[in-house]
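Quick notes on the structure that follows.
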Amino acid sequence: SIGILVVGSLYWESKDCGGAWACEQNPVRVVWRSNRLRSAAEHIFAVNVPIRYGRKSQSRGGTFTMVFSPEYNQRQGTGTAIRCEANVTSIEDLIEEAEELWKAESNGQEGRLSDSWGCVTLIVSDRFLEHADRSQRQQLLNDWATRVSSPRESSYGNLGFSEKDREAAQGQVIADGRLRIPWPSLSSGEPLSLDLLLATATNPGVGANGALYPTAQQVADAWNRNGHVYYFRCNRLAGIHTADDEAIEKVLR
């Protein structure tokens, strides 16, 4: 079984979340969600994940958008995992699901899994290999690692995570195509009952040049100065939260 871990606009630009804030719909994302993901409530899960506002986005006026950050493993926020319509039975299935996700993230780019601003990563359940077909499952992971290292993905995984992120991940945050964060848990503490997740990791850009992640004050100041506060509001409306939200809210105009 496989799902998509969603922690930002991919969620609310593909679904009307209601509420007072008008979260604009992206046609490519709407079609992707309708075709690839299950819509029944029992297949949509609020999960604990290490996320924060950390990527300065030029397309959103120089304000900050969501990134995965292993440094926040002990200060987790809330994202959403949605089960895919199909299960994965081969590497071809996995690649198809990943390429469709990238198409939704990149507004239609075909046959790719990455660009300089981010990449599609795999997250693997802690018990994924504890099955009779262990060798086939391991081969799936090996084949995935081969796919993301192909020449067409020359920028894959070259993301500027912080030194503390790398310390928490005990090495590279993305290795062999896998995002090194804990397997997500439900609010009850139980692990998410899927085998695999795909997630788009975006580039924080803080590690390469010695920069630091923005503080809650700096995140709020960017929205106060440049607008685009709808990104924060729509995340909240969609149930996507970070550990810094309360501090951001206090100084957000």
Side-chain angles (χ1 to χ4, degrees), residues 5-13 17 19-21 23-24 46-81 105 115-119 121 123 155 157-174 179-182 184-185 187 199-253:
L5 179 57
V6 188
V7 295
S9 60
L10 183 65
Y11 188 97
W12 42 263
E13 285 187 340
C17 297
W21 282 84
C23 303
E24 185 176 348
V47 292
N48 301 316
V49 284
I51 53 176
R52 70 199 302 174
Y53 291 100
R55 175 177 180 264
K56 183 173 282 190
S57 172
Q58 297 309 312
S59 66
R60 298 189 192 272
T63 58
F64 295 97
T65 56
M66 200 75 76
V67 298
F68 292 103
S69 176
E71 180 186 340
Y72 270 29
N73 283 347
Q74 305 306 315
R75 299 189 68 226
Q76 295 194 337
T78 304
T80 302
E105 290 280 30
D115 207 331
S116 59
W117 58 266
C119 57
T121 63
I123 310 170
S155 61
N158 296 329
L159 309 185
F161 292 99
S162 71
E163 181 178 347
K164 288 184 177 180
D165 283 330
R166 294 190 293 273
E167 288 175 0
Q170 299 182 340
Q172 293 300 314
V173 177
I174 300 173
L179 180 62
R180 306 295 184 170
I181 63 172
S185 62
S187 58
T200 303
T202 55
N203 189 2
V206 299
N209 57 9
L212 300 175
Y213 278 112
T215 64
Q217 180 74 56
Q218 290 170 326
V219 171
D221 284 347
W223 279 320
N224 288 337
R225 182 172 59 251
N226 300 329
H228 298 272
V229 69
Y230 72 90
Y231 184 87
F232 177 77
R233 300 299 185 197
C234 287
N235 276 339
R236 298 281 293 177
L237 192 62
I240 298 169
H241 309 281
T242 79
D244 297 323
D245 280 13
E246 184 176 346
I248 291 170
E249 187 76 68
K250 285 180 178 178
V251 289
L252 199 60
R253 294 198 296 268

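The chain is numbered in sequence order, starting from 1.
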Is the closest side-chain donor-acceptor distance between S155 and N158 under 3.5 Å? no

Of all the heavy-atom pairs spanning A216 and A247, show the shortest one and how long it is. CB-CB, 3.8 Å

Quick one: does N224's side chain have a donor or acceptor within less than 3.5 Å of a partner on R253's backbone? yes

Here the gap from L252 atom CG to K250 atom NZ, rounded to the nearest 0.5 Å, amounts to 13.5 Å

Can you list the steps and then say if T202 with W117 is a side-chain contact (heavy atoms from CB on, under 4.5 Å)? CA-CA 6 Å; T202 55; W117 58 266; 4.0 Å; yes

Residues 58-73 vs salt bridge (charged side-chain N to carboxylate O under 4.0 Å, His left out), sequence neighbours excluded, gives E13-R60, R52-E71

Check whether any side-chain heavy atom of L5 lies under 4.5 Å from a side-chain heavy atom of I123, and answer yes or no. yes

Mind checking disulfide (SG to SG under 2.5 Å) for C23 and listing every partner two or more places apart, or none if nothing turns up? C234

Would you compute the distance between atom CZ of R180 and atom CZ of R166 and round it to the nearest 0.5 angstrom? 15.0 Å

Looking only at heavy atoms, the pair that brings S162 and V206 closest together is N-CG2, 3.7 Å

What's the separation between atom CG in N73 and atom NZ in K164, rounded to the nearest 0.5 Å? 13.5 Å

May I ask you to decide if the ring planes of Y53 and Y231 are parallel, tilted or perpendicular, using 30° and 60° as cut-offs? perpendicular

With sequence neighbours left out, which residue pairs that include part of residues 231-245 fulfil the salt bridge (charged side-chain N to carboxylate O under 4.0 Å, His left out) condition? R75-D244, R233-E249, R236-D245

Stepwise side-chain contact (heavy atoms from CB on, under 4.5 Å) test for V67 and Y213: CA-CA 10 Å; V67 298; Y213 278 112; 4.0 Å; yes

Taking every non-hydrogen atom, the tightest pair across N203 and G205: OD1-N, 2.9 Å

Measure the spacing between CZ of F68 and OG1 of T200 and express it to the nearest 0.5 Å. 8.0 Å

Applying side-chain contact (heavy atoms from CB on, under 4.5 Å) to I51 and I240, what does each step give before you reach the verdict? CA-CA 10 Å; I51 53 176; I240 298 169; 4.3 Å; yes

Run the side chain to side chain donor-acceptor pair (under 3.5 Å) test against S116 and tell me which residues pass, sequence neighbours left out. none

4.5 Å side-chain heavy-atom contact, F232 and T63: no

Residues in side chain to side chain donor-acceptor pair (under 3.5 Å) contact with Q217, at least two apart in sequence or another chain: D221

Given side-chain contact (heavy atoms from CB on, under 4.5 Å), test N235 with H241 step by step and report yes or no. CA-CA 7 Å; N235 276 339; H241 309 281; over 6 Å; no

Hits for side chain to side chain donor-acceptor pair (under 3.5 Å) against S59, two or more places apart or cross-chain, chain-then-number order -> S57

Here the pair of heavy atoms bringing A238 nearest to T80 is O-OG1, 4.3 Å

Please name the pair of heavy atoms, one in A46 and one in T78, separated by the smallest distance, quoted to 0.1 Å. CB-CG2, 4.1 Å

C119 to I174 - nearest heavy-atom pair and separation: SG-CD1, 3.8 Å

